[in-house]
Amino acid sequence: EHKLTALDQELTDTHQKLMLYEQVLTPNALQPGFKIQSVGFKPRTIDAQGQLIVRPNIFQYFVILTQFRLDDVKAVTGSFSFEISGVLQGKPYTLKWPEPASGLRTVNTFALTHYQRLEGDIIFPDVFEPSSVKVTVQPVDGDPLVATYTWDSFKQPDYLNKDRSN
């Protein structure tokens, strides 16, 4: 059962990467500039050892940053953050990541010339119901890039949510 779940997760991840590469290589993606190409969140269901995770509030994120320039390409460095808004115990709540007050060491920096995929995990408070995500990418030199997504935009297509319990 665990092996089947791990293989299903691997297939889903591979399919999502293929869709991303197709998106990165579109003519619109080749417009000059530094941009947030793609953002995604999905429940983390398997740990690094392939074991099933039983906590429903662990999410894996990814952020794809791209830079396309016609002249000399110089590296872009900086940091990124999330503000995840929703409802916690019936009240509006915004989860800020990384949370400076937590004291946890979190890697939220980037350095890219053309393309970089940033990924990691975020643990939501129990019973938190997210509704939107604001992503801020702050280059060391330059203005921030900001993008906002509805939480529903991260739901996987039905063909990726196969029920294998039969």
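In what follows, every heavy atom counts, from backbone to side chain, and hydrogens, waters and symmetry copies are set aside.
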Trainee: Quick check: closest heavy atoms across Tyr93 and Pro125, and the distance to 0.1 Å?
Mentor: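 Smallest interatomic distance, heavy atoms only, reads CE2-CG, 4.0 Å.
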Trainee: Passes side chain to side chain contact (heavy atoms under 4.5 Å, CB included), Ile122 versus Leu95? Steps please.
Mentor: CA-CA 10 Å; Ile122 295 179; Leu95 172 70; 3.9 Å; yes
Trainee: Can you name the residues that form a side chain to side chain contact (heavy atoms under 4.5 Å, CB included) with Ala147, not counting sequence neighbours?
Mentor: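 Per chain and number, Ala147 pairs via side chain to side chain contact (heavy atoms under 4.5 Å, CB included) with Ile36, Tyr149.
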Trainee: Mind checking what makes side chain to side chain donor-acceptor pair (under 3.5 Å) contact with Ser131, not counting sequence neighbours?
Mentor: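 Here no residue qualifies.
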Trainee: Step through it carefully: locate the ring centre of Trp151, locate the ring centre of Phe124, and say whether they are under 6.0 Å apart.
Mentor: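 Distance test on ring centres: under 6.0 Å, yes.
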Trainee: Should Val87 and Phe128 count as side-chain neighbours, where that means a heavy-atom distance under 4.5 Å?
Mentor: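 The answer is no, as the side chains (C-beta and beyond) never meet within the 4.5 Å cut-off.
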Trainee: Report the residues that fulfil side chain to side chain contact (heavy atoms under 4.5 Å, CB included) with Gln116, sequence neighbours left out, ordered by chain and then residue number.
Mentor: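 Gln116 satisfies side chain to side chain contact (heavy atoms under 4.5 Å, CB included) with Phe110, Leu112, Leu118 once adjacent residues are dropped.
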Trainee: Can I get a per-line list of side-chain donor-acceptor pairs under 3.5 Å for residues 135-145, giving both atom names and the distance, sequence neighbours left out?
Mentor:
unit_1: Gln138; atom_1: NE2; unit_2: Gly142; atom_2: O; d: 3.0

Trainee: Please examine the side chains of Ser38 and Phe62, heavy atoms only from C-beta on, and report whether any two atoms are closer than 4.5 Å.
Mentor: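 Yes, their side chains come closer than 4.5 Å.
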Trainee: With the side chain counted from C-beta on, respond yes when Gln89 and Val127 share a heavy-atom pair under 4.5 Å apart, and no when they do not.
Mentor: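 Yes, their side chains come closer than 4.5 Å.
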Trainee: Looking at every non-hydrogen atom in both residues, tell me the closest pair between Gln67 and Lys74 and how far apart they are.
Mentor: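 It is NE2-O, 3.0 Å.
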Trainee: Look up atom CD1 in Ile84 and atom NZ in Lys96, then write down how far apart they are to the nearest 0.5 Å.
Mentor: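 Those atoms lie 12.0 Å apart.
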Trainee: Sequence neighbours excluded, which residues qualify as side chain to side chain contact (heavy atoms under 4.5 Å, CB included) partners of Ile123?
Mentor: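 Once residues adjacent in sequence are excluded, the partners of Ile123 under the side chain to side chain contact (heavy atoms under 4.5 Å, CB included) criterion are Arg55, Asn57, Ile58.
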Trainee: Heavy atoms, side chains only, cut-off 4.5 Å: are Leu65 and Phe34 in contact?
Mentor: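 Yes; the side chains approach each other to less than 4.5 Å.
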Trainee: Evaluate the criterion side chain to side chain contact (heavy atoms under 4.5 Å, CB included) for residue pair Thr150 and Ser132; output intermediate values, then yes/no.
Mentor: CA-CA 4 Å; Thr150 65; Ser132 67; 5.6 Å; no
Trainee: Taking atom NZ of Lys35 and atom OG1 of Thr66, what is their separation to the nearest 0.5 Å?
Mentor: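 With rounding to 0.5 Å, NZ (Lys35) is 5.5 Å from OG1 (Thr66).
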Trainee: A side-chain contact here means heavy atoms from C-beta on lying under 4.5 Å apart; do Pro98 and Ser81 qualify?
Mentor: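 Yes - at least one pair of side-chain heavy atoms lies under 4.5 Å apart.
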Trainee: Please name all residues satisfying ring-ring contact (aromatic ring centres under 6.0 Å, His included) with Phe82, sequence neighbours left out, ordered by chain then number.
Mentor: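 Listed in chain order: Phe41, Tyr61, Phe80, Trp97.
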